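Report on one structure; see the data block that follows.
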Amino acid sequence: MKTLSTTASFGGEIRRVQHRSEVCDCDMIFGIFLPPQASKAPVPVLYWLSGLTCTDENFMIKSGAQRVAAELGLAIVCPDTSPRGTDFPGEHDSYDFGSGAGFYVNATQEPWSRHYHMFDYVTSELPNLINEHFPVTGKSGISGHSMGGHGALVCYLRNPGMYHSVSAFAPICHPSDCSWGQKALASYLGEDRNDWTQYDAALLIGDAKENLPLLIDQGSADEWLTDQLKPGALEQACIASHYPLELRMQEGYDHSYFFISTFMEDHLRHHAKALL
């Protein structure tokens, strides 16, 4: 591993770290906020998955999470949103597919299957690296925004027992039924829609093996609300399966980090209840 930068923040520090990923077969960068408590004893960790076009830096710069995380004693880990440096033909042509849009899946279609294994990276390789090299307890939660909200829900639902808490901001709830998801899933996984179900929270949650309280915030003025995010599909699946969902529609808020930073403290305290 190589530390690219270290920045003091609220008595703790933010590090950007580069390492060689075996599962993605390329160099990857992640960010980690270590609260002041981590200098004395291991702390629990929240994994944050960012959305389309983002890198490891968006959350650390824009969310304002460090103040409350420092108060609570939570580490926060922010992976990148796709492999980098692979430069496949067409990889950088659109914002909703390819670079910055790995969708947290394990791709099975060429050429993406050579590097785009973000599901295994987030749920296996990265946590193992964090647990080995940083002062964390092993207790973890997961959250994310938009494409990252989709990723957080899927990572949680497919790995019972791995996480102690879960939440999301404006997640892509039913990717099999929106153009963002259909484009990505068809290209990464192939045209057989049966293969898509393993990455669709609205289809997975009815068979959830555990019932951690799920907090979702969604802005009512989000331009992607109706066509892409479809929280109603997840809500109906939760009602049908009696899953404990708190879906908060926030009046007047959009899809931006202004929305995320407004309600970030609520989410951190939601996770702290389980992690501390």
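Here the structure is a predicted model, which is why all the values come from computation and not from measurement.
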Please evaluate residues V43 and V45 with respect to the criterion side chain to side chain contact (heavy atoms under 4.5 Å, CB included), reporting the C-alpha separation (whole Å), side-chain torsions for both, the decisive distance (0.1 Å), and the verdict.
CA-CA 7 Å; V43 296; V45 59; over 6 Å; no
Test side chain to side chain contact (heavy atoms under 4.5 Å, CB included) applied to I32 and I76, step by step
CA-CA 6 Å; I32 181 169; I76 303 176; over 6 Å; no
Applying side-chain hydrogen bond (donor to acceptor under 3.5 Å, both in side chains), run through H164 and S140 and close with a yes or a no.
CA-CA 6 Å; H164 295 77; S140 62; 5.1 Å; no
Full working for side-chain hydrogen bond (donor to acceptor under 3.5 Å, both in side chains) between S179 and Q228
CA-CA 7 Å; S179 61; Q228 304 289 1; 2.7 Å; yes
Quick one, R248 with D266, criterion side chain to side chain contact (heavy atoms under 4.5 Å, CB included). Give me CA distance, side-chain angles, the key distance, then yes/no.
CA-CA 11 Å; R248 308 193 309 185; D266 291 353; 2.9 Å; yes
Give the intermediate values and the outcome of side chain to side chain contact (heavy atoms under 4.5 Å, CB included) for residues V77 and W48.
CA-CA 6 Å; V77 172; W48 173 270; over 6 Å; no
Go through it in stages, so that I can follow the logic: the residues are E13 and R15, the test is salt bridge (charged side-chain N to carboxylate O under 4.0 Å, His left out), and I'd like the CA-CA distance, side-chain angles, deciding distance and then a yes or no.
CA-CA 6 Å; E13 62 181 26; R15 299 183 196 175; 2.4 Å; yes
Show your reasoning for whether salt bridge (charged side-chain N to carboxylate O under 4.0 Å, His left out) applies to D25 and R114.
CA-CA 8 Å; D25 192 22; R114 292 162 55 189; over 6 Å; no
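Side chain to side chain, H255 and S146 meet the donor-acceptor criterion of an N or O pair below 3.5 Å. Side-chain N/O atoms of N128 and E132 include no donor and acceptor closer than 3.5 Å. Between the side chains of S256 and K62, no donor-acceptor pair of N or O atoms lies under 3.5 Å. A donor-acceptor pair shorter than 3.5 Å cannot be found between the side chains of T86 and H115. For the residue pair D200 and H174, a side-chain donor N or O sits within less than 3.5 Å of a side-chain acceptor on the partner. S176 and Q182 are not linked by any side-chain donor-acceptor pair at a separation below 3.5 angstrom, with hydrogens and angles left out of the test.
Closest non-hydrogen pair, P244 versus N211, comes out as CG-O, 3.5 Å. Closest non-hydrogen pair, L234 versus A201, comes out as CD1-O, 3.9 Å. Of all heavy-atom pairs between Y47 and P127, the closest is OH-CA, 3.3 Å. Residues M118 and G102 approach most closely at CG-CA, 4.4 Å, considering heavy atoms. Nearest approach of Q109 to L189, heavy atoms of both residues: NE2-O, 3.3 Å. The two atoms that bring G51 and T81 nearest to each other are O-CG2, 3.6 Å, heavy atoms only.
Tracing side-chain contacts under 4.5 Å through hydrophobic residues (I, L, V, M, F, W, Y), one reaches F33 starting from M264; they form part of the same cluster. W180 and V105 fall within the same hydrophobic cluster, defined by Ile, Leu, Val, Met, Phe, Trp and Tyr side-chain heavy atoms under 4.5 Å apart, directly or through other members. Grouping the Ile, Leu, Val, Met, Phe, Trp and Tyr side chains by contacts below 4.5 angstrom, directly or via other members, places F263 with L74.
Counting heavy atoms from C-beta outward, M249 and D217 have side chains that stay 4.5 Å or more apart. With a 4.5 Å cut-off on side-chain heavy atoms, H19 and M28 count as touching. When side chains are defined from C-beta on, Y243 counts as touching L212, because their heavy atoms get closer than 4.5 Å. When side chains are defined from C-beta on, S21 counts as touching E125, because their heavy atoms get closer than 4.5 Å. By the 4.5 Å heavy-atom criterion applied to side chains, S143 and L46 are counted as neighbours. Contact annotation: the side chain of E246 never approaches that of P213 to less than 4.5 Å [non-hydrogen atoms, C-beta and beyond]. Looking at heavy atoms from C-beta onward, E265 lies in side-chain contact with R67 at the 4.5 angstrom threshold. A heavy-atom distance below 4.5 Å is not found between the side chains of I239 and L245.
Panel note: side chain N58, backbone T55; a donor-acceptor pair is recorded below 3.5 Å. Proximity of a side-chain donor or acceptor of S124 to a complementary backbone N or O of Y121 within less than 3.5 Å is not detected. N106 places a side-chain N or O within 3.5 Å of a backbone atom of D120 that can act as its donor or acceptor partner. At least one donor-acceptor pair under 3.5 Å links the side chain of E210 to the backbone N or O of G161. T3 places no side-chain N or O within donor-acceptor distance of the main-chain N or O of S5, the cut-off being under 3.5 Å. Between the side chain of Q66 and the main chain of M60, a donor-acceptor pair closer than 3.5 Å is present. Judged by distance alone, with hydrogens and angles left aside, the side-chain atoms of E191 form no donor-acceptor pair with the main-chain N or O of A186 at under 3.5 Å. The main-chain N or O of A70 is found under 3.5 Å from a side-chain atom of Q37 such that the two form a donor-acceptor pair. Distance alone, capped at 3.5 Å, is enough to place a donor-acceptor pair between the H117 side chain and the S113 backbone. Put simply, the side chain of S261 never gets that close to the backbone of S63: no donor and acceptor are under 3.5 Å apart.
The distance from the CD1 atom of I172 to the OH atom of Y104 is 10.0 Å, given to the nearest 0.5 Å. Note: C178 SG to D227 CG = 9.0 Å, rounded to the nearest 0.5 Å. Atom CZ of R20 sits about 6.5 Å away from atom SG of C26, to the nearest 0.5 Å. Atom CZ in R269 sits 5.0 Å away from atom CG in L72 (nearest 0.5 Å). Atoms NE2 and OG, from H92 and S94 in turn, are 11.0 Å apart once rounded to the nearest 0.5 Å. The OH atom of Y156 sits 11.0 Å away from the NZ atom of K209 when rounded to the nearest 0.5 Å.
Shown here is F258, whose CZ atom has no more than 12 heavy atoms of other residues, nucleotides or ligands within 6.0 Å. Within 6.0 Å of the CD atom in E110, the count of heavy atoms belonging to other residues, nucleotides or ligands exceeds 12.
Note on E91 versus R84: no salt bridge recorded, every NZ/NE/NH1/NH2 to OD/OE distance being 4.0 Å or above.
Between Y188 and F97, the distance from one ring center to the other falls under 6.0 angstrom. In this structure, the ring of H145 has its center no less than 6.0 angstrom from the ring center of F259. In summary, the aromatic rings of F119 and H150 are positioned with their centroids too far apart to meet the 6.0 Å limit.
Classification of the F169-H267 ring pair by plane angle, with boundaries at 30° and 60°, yields parallel. Between F134 and F30, the ring planes lie perpendicular to each other; the angle is over 60°, past the 30° to 60° tilted range. The aromatic rings of Y116 and F88 lie tilted to each other, with the angle between the two planes from 30° to 60°.
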